[in-house]
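My questions all concern the structure below.
Source: prediction; values computed, not measured. Proteins come first, then strands; the chains are lettered A, B, ... in the order of their sequence lines, and each starts at number 1.
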Amino acid sequence: MKTVNLKEDFGLEVLRHSTSHIMAQAVKRIFPEAKLGIGPSIKNGFYYDFGIDGALLSENLAQVEKEMRKIIKENLLFEKELVTKEKAIEVFRKRKEPYKVQLLGGIEDEKVTLYRQGEFVDLCRGPHLESTGKVSFFRLLSLAGAYWRGKEGNPMLTRIYGTSFYTEKELEEYLEQIEEAKKRDHRRLGRELELFSISSDLGAGLIIYHPKGAMLREIIESFEKEEHLKRGYQLVRSPHISRSVLWKKSGHLDFYRKNMYLFSSGNEEYVIKPMNCPAHMLVYESKVRSYRDLPLKYFELGTVYRREESGVLHGLFRVRGFTQDDAHIFCMPSQLVEEVRKVVQFAIFMMDAFDLGYQMTLSTRPAEFIGSPEHWEKATQALRDALGAEGLDFQVAQGEGAFYGPKIDIQMEDTLGRLWQGPTIQVDFNLPERFNLRYVAPDGEKKRVVMIHRVVLGTIERFLGVLIEHVGGAFPPWLSPVQVKILTVTEKENSFAESLHGQMVNEGLRSEMDLRNKLLGFKVREAELEKIPCMLIIGQLEAKKGLVTVRKRNGENLKNIEPQRFIQMVKEAVREKRTEI
RNA sequence: GCCGACGUAGCUCAAUGGCAGAGCAGCUGAUUCGUAAUCAGCAGGUUGUAGGUUCAAAUCCUAUCGUCGGCUCCA
């Protein structure tokens, strides 16, 4: 089974890569001055980059598609040619392809392969299909800017994204899938379910929570607080603003300034906190600490503000004001492995509690770093050991660690398959140094404390976004802002409905009533669209007997239920965190 | 920040230089009804904002704010 799948994927890669060459050929026919960048196949399709100085616009995509169909009809052979690097450089110099020449400069091998189809030549490892005629079901999807070789200082090329399949059915299904994903988009559901909104008057990247979204947050936050207390964390709190001297001391003013909101008051410069760590350092620093006190774990749902570049803002996933479930763990070097391991377990516990999938990355020492290489080696090994002890699969991102220490990142997927970083566990050699954080060891000597900086959901905002998309807005009862909606058949049952509502609210259930003079079918439809876990249908039958009919959001009915029994059912579903009542 | 696209009623979308419109939502009335839309009527707008071109601008131009898809950066 597995090998067949691999083959198919490989086949798709070849198809898509070949389609990207056809696209490049079409673009060159229409815009002979376009310079070729690179054109690989990617997860769900392919792209090709062109240096064309903005002459290629989205209105040209249809034209490019048309030319591609012509090339496919011409059924040109993909011809492979093995040449020396010098020969290849000469070919592309003649064809005025500076990016290809640059690429060749970076290749170590003596021989490279060229692929030709008709008048088009590309530097390419291959493999390709036999001929352009083998491609038929493709679609150009979007246009985007992309820096040459992904470096900000380089020229901006124009990138065309597209996809390609062997059958029309698969292409249609893929396009359909994208449409379906849009319905689960948290930005759309956030509005439809009245969870949150963003207002340009308030400011880009700043979230306002509406009653249902605020309730959802409250549920998640109180769950988190409890779980932290169970694990020996202590709650701390710090103000939103602080004097800039604190940030001078922490180093943020130098390294992080462009992301910080600063303001002055009198002669004093102030900072709106972009992080919680410096304040937590001050808590540690406030008295002499003994090795007997360690590990110390300070937890704060800390709301921070960062001046993010306008182009990166994205719904709840990338914002300027957000709340981290932030904690700082101070320990002795000998406790590091154990503490990291506990945090890894905690993060996984949280992911599991919300039924979310994830992937892990270990990021190691970057080119520029502070602290000694031995410390780095030990800390990186501690992270590796913690992951190993839990039997977790992880990728290693060489040199991707922060300048102040190695880290473990946990990424979560959104509905379109994009990855977003959630939980992160970072060892920090920098701040304990800058704040001179020490503890008194058994021998009476003062020693440098080791610090772990960690979040287990990441930020409440991003996490909520992922959660909304994961459940498609249909929250499990324990999280659902409204758990029950009482629907009356006619206004005659309103008083019974009101007494039921009072009873449930008293028992701590989140209940709403729909007493409007509307048809039952209409009320059911609305409650279904609100994705409320269950409805109570109250007509004459129920009112007379003092019982309720439960309609779950999947359409299933439970008849003649005692109100108290129903309340217990909901409580049980909440306690067990079941997805449905 | 950069590249491209977009911004019309609460929402989804029409109106291609010549009278700003529809459906849903909202409001009012009728209907008292059993599991995804009862019927009728009414109201809703400085076309994101500011400037410009024109006899005339939602439409063309400039700036600005915001949104979307990417790039870079990041939780």
Side-chain angles (χ1 to χ4, degrees), chain A residues 47 49-50 52-54 56-61 141-161 182 185 187-188 191-192 194 197-205 256 258-259 274-275 304 306-319 322-326 402 407 409-412 416 418 420-424 426 453-455 457-463 465-466 487-494 516-530 535-542 549-553 555-557 559:
Chain A
Y47 68 79
D49 289 343
F50 304 95
I52 193 169
D53 292 326
L56 180 62
L57 301 168
S58 56
E59 59 209 43
N60 300 122
L61 287 187
L141 296 170
S142 62
L143 203 68
Y147 298 108
W148 166 239
R149 309 197 99 174
K151 296 236 169 65
E152 207 171 353
N154 285 347
M156 171 82 49
L157 307 183
T158 301
R159 175 174 297 181
I160 303 177
Y161 283 95
K182 283 184 188 160
D185 189 309
R187 293 165 296 190
R188 175 177 172 153
R191 187 185 60 240
E192 287 176 356
E194 296 184 59
S197 65
I198 300 171
S199 152
S200 64
D201 282 348
L202 186 70
Y256 205 69
K258 71 175 178 33
N259 285 303
M275 296 184 182
V304 298
R306 297 182 187 173
R307 161 76 223 181
E308 299 288 350
E309 290 176 349
S310 58
V312 305
L313 301 177
H314 186 113
L316 292 179
F317 288 154
R318 192 72 187 271
V319 292
F322 52 92
T323 301
Q324 296 178 305
D325 58 339
D326 207 358
K407 58 177 185 166
D409 291 323
I410 299 183
Q411 288 99 9
M412 296 179 282
L416 283 172
R418 294 177 289 210
W420 298 91
Q421 183 170 318
T424 175
Q426 312 185 343
H453 176 113
R454 46 105 286 178
V455 286
L457 289 181
T459 73
I460 304 292
E461 282 73 13
R462 181 176 287 180
F463 178 78
V466 171
L487 313 183
T488 50
V489 177
T490 75
E491 289 175 336
K492 288 176 199 148
E493 295 87 31
N494 284 3
R516 292 174 304 171
N517 173 20
K518 299 265 184 185
L519 296 185
L520 180 60
F522 181 83
K523 297 186 185 183
V524 168
R525 179 184 147 82
E526 280 200 350
E528 284 287 347
L529 291 174
E530 291 166 37
M535 307 163 213
L536 294 186
I537 310 287
I538 306 300
Q540 276 305 293
L541 294 171
E542 290 80 5
T549 295
V550 182
R551 186 197 201 274
K552 300 192 195 177
R553 62 184 156 197
E556 191 189 330
N557 272 302
K559 297 197 172 166

Let me know the distance between NZ of Lys552(A) and C1' of A36(B), rounded to the nearest Å.
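That distance rounds to 19 Å.
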
Measure from the side chain of Ile198(A), starting at C-beta and using heavy atoms only, and say which of U67(B), G1(B), C33(B) lies closest.
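Nearest nucleotide to the side chain: U67(B).
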
I need a per-nucleotide contact map over nucleotides 70-75 of chain B, read 5' to 3'. Cutoff is protein heavy atoms under 4.0 Å; write B for the base, S for backbone only, - otherwise.
BBBBBB

Are there any protein N/O atoms within less than 3.5 Å of an N/O atom in nucleotides 38-43 of chain B, and if so, which ones and at what distance?
none

Using the salt bridge (charged side-chain N to carboxylate O under 4.0 Å, His left out) criterion, which residues pair with Arg306(A)? Sequence neighbours excluded.
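Expected list: none.
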
Give one of base, sugar-phosphate or nothing for Thr490(A), where a contact means two heavy atoms less than 4.0 Å apart.
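Base contact.
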
Listed partners of Gln426(A) passing side chain to side chain donor-acceptor pair (under 3.5 Å), at least two apart
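Applying side chain to side chain donor-acceptor pair (under 3.5 Å) to Gln426(A) gives Tyr404(A), Thr424(A).
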
Does one side chain, of Glu493(A) or Thr490(A), offer a donor that lies under 3.5 Å from an acceptor on the other?
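Glu493(A) vs Thr490(A): donor-acceptor pair found between side chains.
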
Does Ser310(A) make a side-chain N or O approach to OP1 or OP2 of G1(B) shorter than 4.0 Å?
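Yes.
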
Nucleotide G34(B), atom P - distance to CG of Leu520(A) in whole Å
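My rounded result for the distance is 8 Å.
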
Look at all strands and tell whether Leu457(A) reaches a base, only sugar-phosphate, or nothing, counting heavy atoms closer than 4.0 Å.
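Result for Leu457(A) = nothing.
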
Expressed in angstrom and rounded to an integer, what is the separation of Glu491(A) atom CD from A30(B) atom P?
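Nearest whole value for this atom pair: 11 Å.
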
Looking at every strand, decide which applies to Lys523(A) at a 4.0 Å heavy-atom threshold: base, sugar-phosphate, or nothing.
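Lys523(A): no heavy atom of the nucleic acid under 4.0 Å.
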
Rounded to whole angstrom units, what separation is found between the CD atom of Glu530(A) and the C1' atom of A25(B)?
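Atom CD in Glu530(A) sits about 13 Å away from atom C1' in A25(B).
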
Any N/O pairs under 3.5 Å between the protein and nucleotides 8-11 of chain B? List them or say none.
unit_1, atom_1, unit_2, atom_2, d
C11(B), O3', Arg191(A), NH2, 3.4

Pairing residues for Tyr147(A) by the ring pair (Phe, Tyr, Trp, His ring centres under 6.0 Å) criterion, not counting sequence neighbours
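In terms of ring pair (Phe, Tyr, Trp, His ring centres under 6.0 Å), with neighbours along the sequence ignored, Tyr147(A) is linked to no residue.
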
Determine whether Glu530(A) and Glu194(A) make a side-chain contact, defined as any pair of heavy atoms from C-beta on separated by less than 4.5 Å.
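Side-chain contact under 4.5 Å: no.
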
All salt bridge (charged side-chain N to carboxylate O under 4.0 Å, His left out) counterparts of Asp326(A), not counting sequence neighbours:
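Result, salt bridge (charged side-chain N to carboxylate O under 4.0 Å, His left out) vs Asp326(A): none returned.
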
Distances under 3.5 Å between protein N/O atoms and the N/O atoms of nucleotides 5-7 of chain B, please, pair by pair.
none

In chain order, what residues pass the salt bridge (charged side-chain N to carboxylate O under 4.0 Å, His left out) check against Glu308(A), with sequence neighbours excluded?
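Expected list: Arg318(A).
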
Please tabulate the protein-to-nucleotide N/O contacts below 3.5 Å involving nucleotides 44-50 of chain B, giving atom names and distances.
none

Partners passing salt bridge (charged side-chain N to carboxylate O under 4.0 Å, His left out) against Asp325(A) (at least two apart in sequence or in another chain):
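Checked Asp325(A) against salt bridge (charged side-chain N to carboxylate O under 4.0 Å, His left out); zero matches.
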
Give the stems involving RNA chain B, where a stem is 3 or more consecutive Watson-Crick or G-U wobble pairs (i with j, i+1 with j-1, and so on) under 3.5 Å.
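The stems that RNA chain B takes part in, listed by first number, are B:1-7 with B:65-71, B:10-13 with B:21-24, B:26-30 with B:38-42, B:48-52 with B:60-64.
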
What is the nucleic acid contact for Thr549(A), judged by heavy atoms within less than 4.0 Å: base, sugar-phosphate only, or nothing?
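Thr549(A): base contact, heavy atoms under 4.0 Å.
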
